[in-house]
Amino acid sequence: MPARWLMLFVLFAARTTMAFQFQVVGALSPLFRETFGVGLAEIGFLIGIYFVPGVVLAFPGGALGRRFGDQRMVLVGLGMMIAGALLMAMFDDWNAQIAGRLLAGVGSFFLNVLMTKMVADWFVGREISVAMALYLGSFPVGIALGLIVLPFWPRRSVPLACPSFSQ
């Protein structure tokens, strides 16, 4: 198997985790509402803020990828997603949830833009349609996994990218 197909699998897995992380707030919204005493508007804000950085970083993000390398910036993005998730998991404060979600959103932006570019760079001709279809299919897989797995997450443990819920 050529290395680019193996890398496509790695990108698929990374983008699946991004979608899973995006789905955390929606899937666990009853726990967020209970823990922080917020309404649906605040939950919607927390969901939406994940993709807000893309509006601001669209042009500079591509330039950063060109300047420092796509793979390096994707790793930076993954690191930011992990840091945002840890920030949300470690602090039972609504402002920390917003900050963590925003930080993870910046990281997800780098994944969305630069990994899509990487797929387009690696595949040509007839292969690009198959590769892009597989790559783009990773987001619904992550969303589905989040919707299936997260509602059953134990309440007394620290969920992935979510505050600890102790009762």
Side-chain angles (χ1 to χ4, degrees), residues 2-29 32 42-91 93-124 127-147 149-150 158-163:
R4 65 179 190 251
W5 288 100
L6 179 61
M7 286 306 299
L8 179 64
F9 174 75
V10 171
L11 296 182
F12 182 96
R15 194 160 189 262
T16 300
T17 61
M18 179 187 68
F20 187 90
Q21 185 181 52
F22 171 72
Q23 192 58 38
V24 165
V25 174
L28 297 179
S29 61
F32 274 89
E42 289 86 0
I43 295 296
F45 175 77
L46 200 58
I47 291 170
I49 201 168
Y50 193 77
F51 287 125
V52 167
V55 174
V56 177
L57 295 175
F59 290 117
L64 287 171
R66 186 173 44 248
R67 169 84 165 95
F68 298 109
D70 297 336
Q71 293 174 354
R72 182 175 292 144
M73 292 310 297
V74 165
L75 291 175
V76 167
L78 284 170
M80 293 175 86
M81 287 174 58
I82 292 168
L86 289 174
L87 182 62
M88 291 179 76
M90 292 172 53
F91 296 99
D93 175 61
W94 184 250
N95 291 327
Q97 301 306 302
I98 293 170
R101 190 75 170 166
L102 194 57
L103 181 60
V106 171
S108 76
F109 162 77
F110 286 114
L111 267 67
N112 259 335
V113 171
L114 297 176
M115 288 190 335
T116 304
K117 179 193 172 295
M118 291 164 70
V119 172
D121 288 346
W122 293 339
F123 296 92
V124 294
E127 288 182 336
I128 195 165
S129 60
V130 173
M132 199 60 77
L134 290 171
Y135 170 73
L136 293 176
S138 63
F139 201 82
V141 169
I143 294 288
L145 285 173
L147 288 171
V149 172
L150 289 168
V158 178
L160 176 69
C162 191

M115 CE to R15 CZ distance, which is reported to the nearest 0.5 Å: 6.5 Å
Side chain to side chain contact (heavy atoms under 4.5 Å, CB included) against I128, all qualifying residues, sequence neighbours excluded: A120, F123
For V25 against M88, the heavy-atom pair lying closest together: CG2-CE, 4.4 Å
Closest approach of I49 to L102 (non-hydrogen atoms, all atoms of both residues): CG1-CD1, 3.6 Å
Atom of M18, atom of N112 and distance for their closest heavy-atom approach: CE-OD1, 3.2 Å
Spatial distance of atom CZ (R101) from atom CG (L103) [nearest 0.5 Å]: 12.0 Å
V141 and F12, any side-chain heavy atoms less than 4.5 Å apart: yes
Distance-minimising heavy-atom pair for L114 and G61: CD2-O, 4.2 Å
Step-by-step side-chain contact (heavy atoms from CB on, under 4.5 Å) determination, R4 to E127: CA-CA 11 Å; R4 65 179 190 251; E127 288 182 336; 2.5 Å; yes
Full working for side-chain contact (heavy atoms from CB on, under 4.5 Å) between F110 and L78: CA-CA 8 Å; F110 286 114; L78 284 170; over 6 Å; no
Non-neighbouring partners of Q71 that pass side-chain hydrogen bond (donor to acceptor under 3.5 Å, both in side chains), sequence neighbours left out: none
Between CG on residue L150 and OG on residue S29, distance to nearest 0.5 Å: 11.0 Å
Q97 to F32 - nearest heavy-atom pair and separation: OE1-CE2, 3.6 Å
Atom CZ of F9 with >12 non-hydrogen neighbours under 6.0 angstrom: no
Short side-chain to backbone donor-acceptor contact, Y135 and T116, under 3.5 Å: yes
Check: D70 and D121 side chains under 4.5 Å, non-hydrogen atoms: yes
F22 and I47, any side-chain heavy atoms less than 4.5 Å apart: yes
From R66 atom CZ to K117 atom NZ, the distance as rounded to the nearest 0.5 Å: 9.0 Å
Pairwise distance CG(L87) to CD1(I82) - rounded to 0.5 angstrom: 13.5 Å
Side-chain heavy-atom pair W5, V130 within 4.5 angstrom cut-off: yes
Least distance between heavy atoms, G54 atom then F109 atom: CA-CD1, 3.5 Å
Rounded distance [0.5 Å steps], CG in L64 versus CZ in R72: 12.0 Å
